[in-house]
Q: 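Got a structure here, written out as structure tokens. Questions coming.
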Amino acid sequence: DMTIYSEYPEIKAFNTEGMFSEAVQRSKYLSIRRNFFFYSLMKVAPVFMQKYIYNGSNYNHLPERNASSSVQVMDGYSRAEGISSVFTEAFDVLRNMDTLTRIVDDDKNTFLMMNNNSTHEPCLLQEPEYLPAETVDNTEYDAENEGRFLIDGRKMKMESELHYSHYEADMATFIQLGNWFDYMKENGVYDNTRIILVSDHGRGLSQFDELELECSDGDIIDLECFSHLLMVKDLNAKGFKESGEFMTIGDVPALAVSDLIDDPKNPFTGKDLDNSEKNTHDQYLLTGSPWETDKNNGTQFLPGDWLAVHDNIWDKNNWRVVARDAVFTGEGED
């Protein structure tokens with residue numbers, strides 16, 4: 001909904017998702033027509049047969065007809081049939097970033113904010129290119145490259161379709177962003193551009209023992225859902241470095257305007273754009289509560305599990321459970 005920018009004529013807003021996927025849109029149309037008919041057959045079939053006719057929403061497309069499919073059916077974590085349209089509609093935007101970019105030779109400062117859902121709609125991709133394919137078969141590649149999941153002594157569990165599909169969608173996104181950054185370098189605008197990559201959340205996939213917090217009642221809370229991506233390429237930055245500083249998504253506005261705007265303030269609240277407060281006390285996180293806004297709305301969050309964290313998130317000693325299935329209003333309060 002671009003109407004939120006209607007009062008700001010200086011902001012140019014566009015919907016890009018699906019704009020580069022004409023073939024996918026056509027295949028989705030054909031697939032919907034076919035599936036509408038097969039849905040009727042499924043509903044009149046005996047109950048024990050319905051899941052076989054449904055076939056994970058693919059309705060038994062033959063391999064040679066998967067060009068008309070808009071979903072992907074996985075066969076283990078290395079093989080799949082069909083192309084996921086919800087992934088490609090977002091991913092094709094990343095593959096066309098150079099055509100969306102116009103290089104201008106002037107001294108005008110600009111700001112670009114972009115949301116892309118490629119990593120939000122994971123699917124299996126053909127390796128090592130990490131590209132969509134009607135038939136994916138990574139059996140040999142996955143077997144020969146198991147060592148890629150062990151870095152600096154930390155091993156990421158890779159045991160299921162969810163693990164591999166998330167990993168491959170992430171890698172595909174990084175590759176396409178890297179291609180765009182190379183394009184910026186070739187055109188002389190990479191050094192004088194501050195680039196911030198940030199995700200809105202992680203995903204609880206139980207891939208790291210260090211991020212599984214055991215509660216007093218024996219329950220396990222997967223902290224991986226709070227471990228999100230934050231990468232910053234500063235102006236004229238050279239080389240790479242990793243920081244263990246405690247960071248949050250809320251740091252992004254202050255990072256974006258740092259050294260560019262004097263005394264920056266939130267234009268809607270008038271408050272300072274400053275991130276120093278996060279280090280003055282523990283940060284409190286809510287989990288286990290419905291995230292849908294049609295269910296969890298009103299003047300306060302529905303009861304859930306509350307956690308407190310500070311400093312290095314990979315150290316379990318820096319995490320603690322504050323309240324379970326509760327409306328948390330502060331330390332020591334009900």
Q: Might you work through the side-chain contact (heavy atoms from CB on, under 4.5 Å) test for Met158 and Gln207, ending with a clear yes or no?
A: CA-CA 7 Å; Met158 297 294 290; Gln207 290 180 285; 3.4 Å; yes
Q: Give a yes/no verdict on a cation-pi contact between Arg34 and Phe38, requiring under 6.0 Å between NZ or CZ and the six-membered ring centre and an angle within 45° of the axis.
A: yes
Q: Find out whether Met97 and Leu177 are in side-chain contact, i.e. whether some heavy atom of one side chain is under 4.5 Å from a heavy atom of the other.
A: no
Q: Other residues, nucleotides and ligands only: do more than 12 of their heavy atoms fall within 6.0 Å of CH2 on Trp314?
A: yes
Q: Return the orientation label for the Phe328 and Tyr284 ring planes: parallel under 30°, perpendicular over 60°, tilted otherwise.
A: tilted
Q: Any ion pair linking Lys185 and Asp191 (charged N to carboxylate O, less than 4.0 Å)?
A: no
Q: Same hydrophobic cluster for Val189 and Met114, using side-chain heavy-atom links shorter than 4.5 Å among ILVMFWY?
A: yes
Q: Okay, side chain of Asp251, backbone of Thr248: is any donor-acceptor separation there less than 3.5 Å?
A: yes
Q: Donor-acceptor check, side chain of Gln283 to backbone of Lys278, threshold 3.5 angstrom: yes or no?
A: yes
Q: How far apart are the closest heavy atoms of Pro290 and Asn296, and which atoms are they?
A: O-ND2, 2.8 Å
Q: Determine the minimum heavy-atom distance between Val327 and Pro303, stating which atoms define it.
A: CG2-CG, 3.8 Å
Q: Kindly check if the number of other-residue, nucleotide or ligand heavy atoms within 6.0 Å of CG (Asp152) is above 12?
A: no
Q: Of all residues at least two apart in sequence or in a different chain, which pass the ring pair (Phe, Tyr, Trp, His ring centres under 6.0 Å) check with Tyr130?
A: none
Q: Rounded to the nearest 0.5 Å, what separates atom CG in Leu41 from atom CG in Asn35?
A: 11.0 Å
Q: Hydrophobic cluster membership, with links at side-chain heavy-atom distances under 4.5 Å among I/L/V/M/F/W/Y: are Tyr77 and Leu162 in one?
A: no
Q: Taking the basic N atoms (NZ, or NE/NH1/NH2) and the acidic carboxylate oxygens, is any pair closer than 4.0 Å for Lys316 and Glu212?
A: no
Q: Is Leu235 linked to Met231 within one hydrophobic cluster, defined over Ile, Leu, Val, Met, Phe, Trp and Tyr using a side-chain heavy-atom separation of less than 4.5 Å?
A: no
Q: Do any N or O atoms from the side chain of Ser165 and from the backbone of Cys123 form a donor-acceptor pair under 3.5 angstrom?
A: no
Q: Within the supplied structure, the quantity of interest is the number of heavy atoms (other residues, nucleotides, ligands) at a distance under 6.0 Å from Glu292 CD; does it exceed 12?
A: yes
Q: For the atom pair CG (Leu94) and OG1 (Thr119), what is the distance rounded to the nearest 0.5 Å?
A: 9.0 Å
Q: Looking at Ser206 and Glu224, what are the two nearest heavy atoms and their distance?
A: N-OE1, 3.3 Å
Q: Would you call the rings of Tyr167 and Phe149 parallel, tilted or perpendicular, taking 30° and 60° as the class edges?
A: perpendicular
Q: Heavy-atom count around Asn192 CG within 6.0 Å, excluding the residue itself: above 12?
A: yes
Q: What distance do Asn266 atom CG and Asp272 atom CG have between them, rounded to the nearest 0.5 Å?
A: 10.0 Å
Q: For a 4.5 angstrom cut-off between non-hydrogen side-chain atoms, does Ile196 reach Val252?
A: yes
Q: Would a single hydrophobic cluster contain both Val198 and Leu229, if residues Ile, Leu, Val, Met, Phe, Trp and Tyr are joined by side-chain heavy-atom contacts under 4.5 Å?
A: no
Q: Under 3.5 Å, side chain of His310 to main-chain N/O of His281, donor-acceptor pair present?
A: no
Q: Please check if the side chain of Asp305 supplies one atom and the backbone of Arg324 the other of a donor-acceptor pair under 3.5 Å.
A: no
Q: For atom CD of Glu242, decide whether the heavy atoms of other residues, nucleotides or ligands shown that lie under 6.0 angstrom number more than 12.
A: no
Q: For the atom pair CG (Leu124) and OG1 (Thr135), what is the distance rounded to the nearest 0.5 Å?
A: 12.0 Å
Q: May I ask you to say whether Arg203 pairs ionically with Asp222, meaning some side-chain N is under 4.0 Å from a carboxylate O?
A: no
Q: Determine whether Phe208 and Arg154 make a side-chain contact, defined as any pair of heavy atoms from C-beta on separated by less than 4.5 Å.
A: yes
Q: When you measure from the side chain of Gln126 to the backbone N and O of Asp137, does any donor-acceptor pair fall under 3.5 Å?
A: yes
Q: Is Arg194 reaching over with its side chain to a backbone N or O of Lys233, donor-acceptor style, under 3.5 angstrom?
A: no
Q: Starting at CG of Leu131, measure out to CG of Leu125 and round the result to the nearest 0.5 Å.
A: 7.5 Å
Q: For side-chain contact (heavy atoms from CB on, under 4.5 Å), just list the numbers for Asp315 and Asp311, CA-CA rounded to whole Å, side-chain angles, deciding distance to a tenth of an Å, and then say yes or no.
A: CA-CA 8 Å; Asp315 184 348; Asp311 300 323; over 6 Å; no
Q: Assess the residue pair Tyr54 and Asn60 against the criterion (side-chain contact (heavy atoms from CB on, under 4.5 Å)); give the C-alpha distance rounded to whole Å, side-chain angles, the decisive distance to 0.1 Å, and a yes or no.
A: CA-CA 7 Å; Tyr54 182 63; Asn60 290 283; over 6 Å; no
Q: Do other residues, nucleotides or ligands put more than 12 heavy atoms under 6.0 Å from the OH atom of Tyr39?
A: no
Q: Looking at every non-hydrogen atom in both residues, tell me the closest pair between Met74 and Glu161 and how far apart they are.
A: SD-CB, 3.6 Å
Q: Which heavy atom of Thr173 sits nearest a heavy atom of Ser118, and at what distance?
A: OG1-CB, 3.5 Å
Q: Between Arg148 and Asp142, is the closest basic N to carboxylate O distance under 4.0 Å?
A: yes
Q: Counting only heavy atoms from other residues, nucleotides and ligands, does the tally under 6.0 Å from CG of Asp262 exceed 12?
A: no
Q: Locate the shortest heavy-atom distance separating Asn116 from Ala90; write the atom from each residue and the value.
A: ND2-O, 2.9 Å
Q: Taking the six-membered ring of Trp306, is NZ or CZ of Arg320 closer than 6.0 Å to its centre and within 45° of its axis?
A: no
Q: Check whether any side-chain heavy atom of His163 lies under 4.5 Å from a side-chain heavy atom of Leu205, and answer yes or no.
A: yes
Q: Would Phe226 end up clustered with Met156 when hydrophobic side chains under 4.5 Å apart are linked, directly or stepwise?
A: yes
Q: Any donor-acceptor pair under 3.5 Å linking the side chain of Thr3 with the backbone of Ser6?
A: no
Q: Report yes if the side chains of Glu17 and Asn117 come closer than 4.5 Å at any heavy-atom pair, otherwise no.
A: yes
Q: Thr287 and Ile221: side-chain contact (heavy atoms from CB on, under 4.5 Å), yes or no, with the steps?
A: CA-CA 9 Å; Thr287 184; Ile221 296 178; 4.2 Å; yes
Q: Would you say the side-chain atoms of Asn96 pair up with the backbone N or O of Met19, donor to acceptor, closer than 3.5 Å?
A: no
Q: Please work out whether the ring planes of Phe181 and Tyr190 are parallel, tilted or perpendicular, with thresholds of 30° and 60°.
A: tilted
Q: Can any side-chain N or O of Trp319 pair as donor or acceptor with the backbone N or O of Leu307 at less than 3.5 Å?
A: no
Q: What do you reckon, is CE of Met2 surrounded by more than 12 foreign heavy atoms closer than 6.0 Å?
A: yes
Q: Side chains of Pro122 and Phe87: does their closest heavy-atom pair fall under 4.5 Å?
A: no
Q: To the nearest 0.5 Å, how far apart are CG in Asn275 and CZ in Phe246?
A: 11.0 Å
Q: Side-chain contact, heavy-atom cut-off 4.5 Å: Val321 with Leu213?
A: yes
Q: Any non-hydrogen side-chain atom of Ser85 less than 4.5 Å from a side-chain atom of Val71?
A: no
